[in-house]
Amino acid sequence: MTYNPFQKFSWKLAHGRSLELGPRGVLMAIVNVTPDSFSDGGRFIDAVAAVAQGVRCLEEGALILDIGGESTRPDAAAVSAEEEQARILPVIAALARDTDALISVDTYRASTAQLAVDAGAHIVNDVHGLQREPDIATVAARTGAGICIMHTGRGREKLADVIADQFEFLDRSLDIAAAAGLERDRIILDPGFGFAKDTDENLELMARFAELHRFELPFLVGTSRKRFVGAVSGREAADRDMATAATTALLRVAGAAIFRIHDVANSKDALAMADAMLHARAR
């Protein structure tokens, strides 16, 4: 039977939680507890401000909050594990205590992932696809966390074909996950829009997105305010939310399940329209 990205998939998460993916798109709100993220750096570096932003995003319609303590923009300064943890752990603990949100930790470090799940996180979101610190897969397996495995082109030679490179990289990541004992129903994938991909590559990845369903796993996508969105729209990072919402609708129709975004309201409306059209088509 051909894989259907709109069929129900129960994504198993830490602390006994789960999330149904497939029939309707899901919004994951970005909460960067950093001074230097590319579009909102410094706005939520204070834990109180970060928690308040998380609550606002939930009220606007996000189901997942993705908490990060180290910027992933190409020229960002590295931070230590201790600094990353000092930034995010109080935010995760407060949100876990005061809300019913699903909480994701945006980290590639196994130690940070462990402490974040201990503090209440349900999901580990690794932008290095388990390949920088493979022990992070063991942490996810041991804690029962859901994991998002992201593709990146950074620090390696890419294949010329964007889809072939997705399979080359993510197949290696899935082998790491399997070796750690991670069950398939705890795994989703992310094609890594922007990460060492130029505008043409990102647009081709969007155009050929349906080919990724050969993985037979749900996909999270993160196009929010990315440079290629600015290249197409002609807008600076802070003014790219409408163009981001357009990518949300387009990628939802192509079968993406989760949308990692800065601005919840615009993407919520775009997602509602895409889902309404998909349900009309299915009738």
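Note that the structure is predicted; figures quoted are calculated from it, not measured. Here, residue 1 is the first one in the sequence, and each next residue gets the next number.
- Summarising the local packing, NZ of Lys268 is surrounded by 12 or fewer heavy atoms from other residues, nucleotides or ligands at distances under 6.0 Å.
- The structure places OG1 of Thr99 at 10.5 Å from CD of Glu59, a figure rounded to the nearest 0.5 Å.
- Leu182 and Ile258 end up in the same hydrophobic cluster when Ile, Leu, Val, Met, Phe, Trp and Tyr side chains are linked at under 4.5 Å.
- Remark: the backbone N or O of Ile147 is not paired with any side-chain donor or acceptor of Arg186 at under 3.5 angstrom.
- In this structure, Leu95 CG and Leu102 CG are separated by 12.0 Å, a value rounded to the nearest 0.5 Å.
- The closest donor-acceptor contact from the side chain of Asp165 to the backbone of Asp161 lies at 3.5 Å or more, if one exists at all.
- With hydrogens and angles disregarded, a donor-acceptor distance shorter than 3.5 Å links the side chain of Ser224 to the backbone of His262.
- Contact of the Asp263 side chain with the Met242 side chain is not registered, since no non-hydrogen atoms from C-beta on lie closer than 4.5 Å.
- In plain terms, the two heavy atoms of Phe195 and His151 that are nearest each other are CB-O, 4.4 Å.
- One N or O on the side chain of Thr248 and one on the backbone of Thr244 form a donor-acceptor pair closer than 3.5 Å.
- The shortest side-chain heavy-atom distance between Ser10 and Asp185 does not fall under the 4.5 Å cut-off.
- If you chain together hydrophobic residues whose side chains sit under 4.5 Å apart, Val26 and Val105 fall into the same group.
- In the model, Glu70 has no side-chain atom that pairs as donor or acceptor with a side-chain atom of Thr107 under 3.5 Å.
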Going through the distances and angles, do Gln114 and Thr143 end up as a side chain to side chain donor-acceptor pair (under 3.5 Å)? CA-CA 8 Å; Gln114 179 67 62; Thr143 61; 5.9 Å; no
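- Atom CE of Met277 has more than 12 heavy atoms from other residues, nucleotides or ligands within 6.0 Å.
- To the nearest 0.5 Å, atom CZ of residue Arg260 and atom CG of residue Asp66 are 4.5 Å apart.
- Judged by distance alone, the side chain of Gln53 and the main-chain N or O of Val31 form no donor-acceptor pair under 3.5 Å.
- Using a distance-only test at 3.5 Å, with no hydrogens or angles considered, a donor-acceptor pair links the side chain of Arg156 to the main chain of Thr152.
- Ile176 and Leu130 make their closest contact through CD1-O, 3.7 Å (heavy atoms, listed as atom of the first residue, atom of the second, distance).
- Note on Leu21 and Val253: separate hydrophobic clusters, where clusters join Ile, Leu, Val, Met, Phe, Trp and Tyr whose side-chain heavy atoms are under 4.5 Å apart, directly or indirectly.
- Residue Leu189 holds its CG atom at 11.5 Å from CE of Met150, rounded to the nearest 0.5 Å.
- Residues Ala257 and Pro218 come closest through the heavy atom pair CB-CB, 4.2 Å.
- Follow the hydrophobic side-chain contacts under 4.5 Å out from Phe209 and you reach Val232 in the same cluster.
- Side-chain atoms of His279 come within 3.5 Å of backbone atoms of Pro23 as a donor-acceptor pair (strictly under, hydrogens ignored).
- Considering every non-hydrogen atom in both Gly153 and Ala196, the closest pair reads C-CB, 3.4 Å.
- A donor-acceptor pair shorter than 3.5 Å cannot be found between the side chains of Asn266 and Asp241.
- Using a 4.5 Å heavy-atom cutoff, the side chains of Leu19 and Ile64 are in contact.
- Gln85 contributes atom CD, which lies 3.5 Å from atom OG1 of Thr112 (distance to the nearest 0.5 angstrom).
- Ile67 CD1 to Asn125 CG: the interatomic distance, rounded to the nearest 0.5 Å, is 11.0 Å.
- Heavy-atom minimum distance, Ile187 versus Phe9: O-CZ, 4.0 Å.
- Remark: Glu183 does not engage Lys12 in a salt bridge, criterion side-chain N to carboxylate O under 4.0 Å.
- Note: Phe228 and Phe193 have parallel aromatic rings, judged against thresholds of 30 and 60 degrees for the angle between ring planes.
- Under a cut-off of 6.0 angstrom, the local environment of CZ in Arg17 is crowded, with over 12 non-hydrogen atoms contributed by other residues, nucleotides or ligands.
- The closest donor-acceptor contact from the side chain of Asn32 to the backbone of Thr34 lies at 3.5 Å or more, if one exists at all.
- In this structure, the side chain of Trp11 does not engage the main chain of Ser18 through any donor-acceptor pair within 3.5 Å.
- Between Tyr3 and His213, the ring-plane angle classifies as tilted under the 30° and 60° cut-offs.
- Follow the hydrophobic side-chain contacts under 4.5 Å out from Leu250 and you reach Leu27 in the same cluster.
- Gly129 approaches Ile149 most closely through the heavy-atom pair CA-CG2, 3.7 Å.
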Could you walk me through whether Asn202 and Lys226 pass the side-chain contact (heavy atoms from CB on, under 4.5 Å) test, one step at a time? CA-CA 10 Å; Asn202 283 298; Lys226 291 287 176 73; over 6 Å; no
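- With hydrogens and angles disregarded, no donor-acceptor distance shorter than 3.5 Å links the side chain of Gln131 to the backbone of His128.
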Any chance you could lay out the side-chain contact (heavy atoms from CB on, under 4.5 Å) test for Leu217 and Leu174, step after step, and finish with the verdict? CA-CA 11 Å; Leu217 284 168; Leu174 288 169; 4.0 Å; yes
